[in-house]
Amino acid sequence: MREKKRVCFSLDYVVFNKFKRICELEERSVNNGIVHLIKEFVRSFEEEFGEIEE
């Protein structure tokens with residue numbers, strides 16, 4: 001099993017609340033919403049530019 005990396009960052013309060021609302025509408029936690037966006041970003045990037053080696 002792969003280890004998971006913990007990440008901490010700051011986010012504008014208004015943007016966070018809007019993102020939280022979007023996650024609620026999609027029935028995701030904020031954490032899962034962030035993970036989903038990162039995975040989609042990586043997938044999209046690799047589709048355009050090729051697979052990134054680990």
Side-chain angles (χ1 to χ4, degrees):
M1 179 197 301
R2 292 184 185 178
E3 291 184 33
K4 292 186 178 187
K5 178 70 177 167
R6 292 190 178 271
V7 181
C8 179
F9 61 94
S10 298
L11 185 61
D12 178 89
Y13 185 77
V14 173
V15 173
F16 174 79
N17 283 332
K18 289 179 180 185
F19 184 72
K20 182 179 175 185
R21 180 65 182 132
I22 292 167
C23 290
E24 289 170 356
L25 293 170
E26 293 185 347
E27 298 182 349
R28 298 180 195 272
S29 67
V30 170
N31 187 71
N32 284 341
I34 293 167
V35 170
H36 173 74
L37 287 177
I38 292 170
K39 286 180 178 180
E40 283 299 306
F41 178 74
V42 170
R43 184 195 58 75
S44 175
F45 184 93
E46 288 184 328
E47 274 184 10
E48 187 171 346
F49 299 104
E51 187 173 346
I52 302 169
E53 294 186 30
E54 293 182 37

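Small disclaimer: the values here were computed from a predicted structure and weren't measured. All heavy atoms count here, side chains included; hydrogens, waters and symmetry mates do not. Residue indices begin at 1 and follow the sequence shown.
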| Which heavy atom in Gly33 sits nearest to a heavy atom in Cys23, and how many Å separate them? | CA-SG, 3.9 Å

| task | Might you point out which heavy atoms bring Ile52 and Glu46 nearest each other, and give the distance in Å? | result | N-OE2, 2.9 Å

| remark: Rounded to the nearest 0.5 Å, the CD1 atom of Ile34 sits from the CG atom of Leu11 at a distance of 7.5 Å

| said: Do Leu37 and Val15 land in one hydrophobic cluster if side-chain heavy atoms of ILVMFWY residues count as linked below 4.5 Å? | reply: yes

| query | If Ile, Leu, Val, Met, Phe, Trp and Tyr residues are connected whenever their side-chain heavy atoms lie under 4.5 Å apart, and connections chain through other members, are Ile38 and Phe45 in the same group? | reply | no

| message | For residues Phe16 and Val7: do they belong to one hydrophobic cluster (side chain heavy atoms under 4.5 Å, members Ile, Leu, Val, Met, Phe, Trp, Tyr)? | response | yes

| task | Find out if a path of hydrophobic residues (ILVMFWY) with successive side-chain heavy-atom gaps under 4.5 Å connects Tyr13 to Phe9. | result | no

| request: Taking atom CD of Glu40 as the centre, report whether more than 12 heavy atoms of other residues, nucleotides or ligands fall under 6.0 Å from it. | output: yes

| said: How long is the straight-line distance from CD of Glu26 back to CG of Asn32, given to the nearest 0.5 Å? | reply: 11.5 Å

| Are Val42 and Phe49 grouped together when hydrophobic residues (ILVMFWY) are joined by side-chain heavy atoms under 4.5 angstrom apart? | no

| Considering only heavy atoms from C-beta outward, does the side chain of Glu24 approach that of Lys20 to under 4.5 Å? | yes

| query | Does Glu47 CD have over 12 foreign heavy atoms under 6.0 Å away? | reply | yes

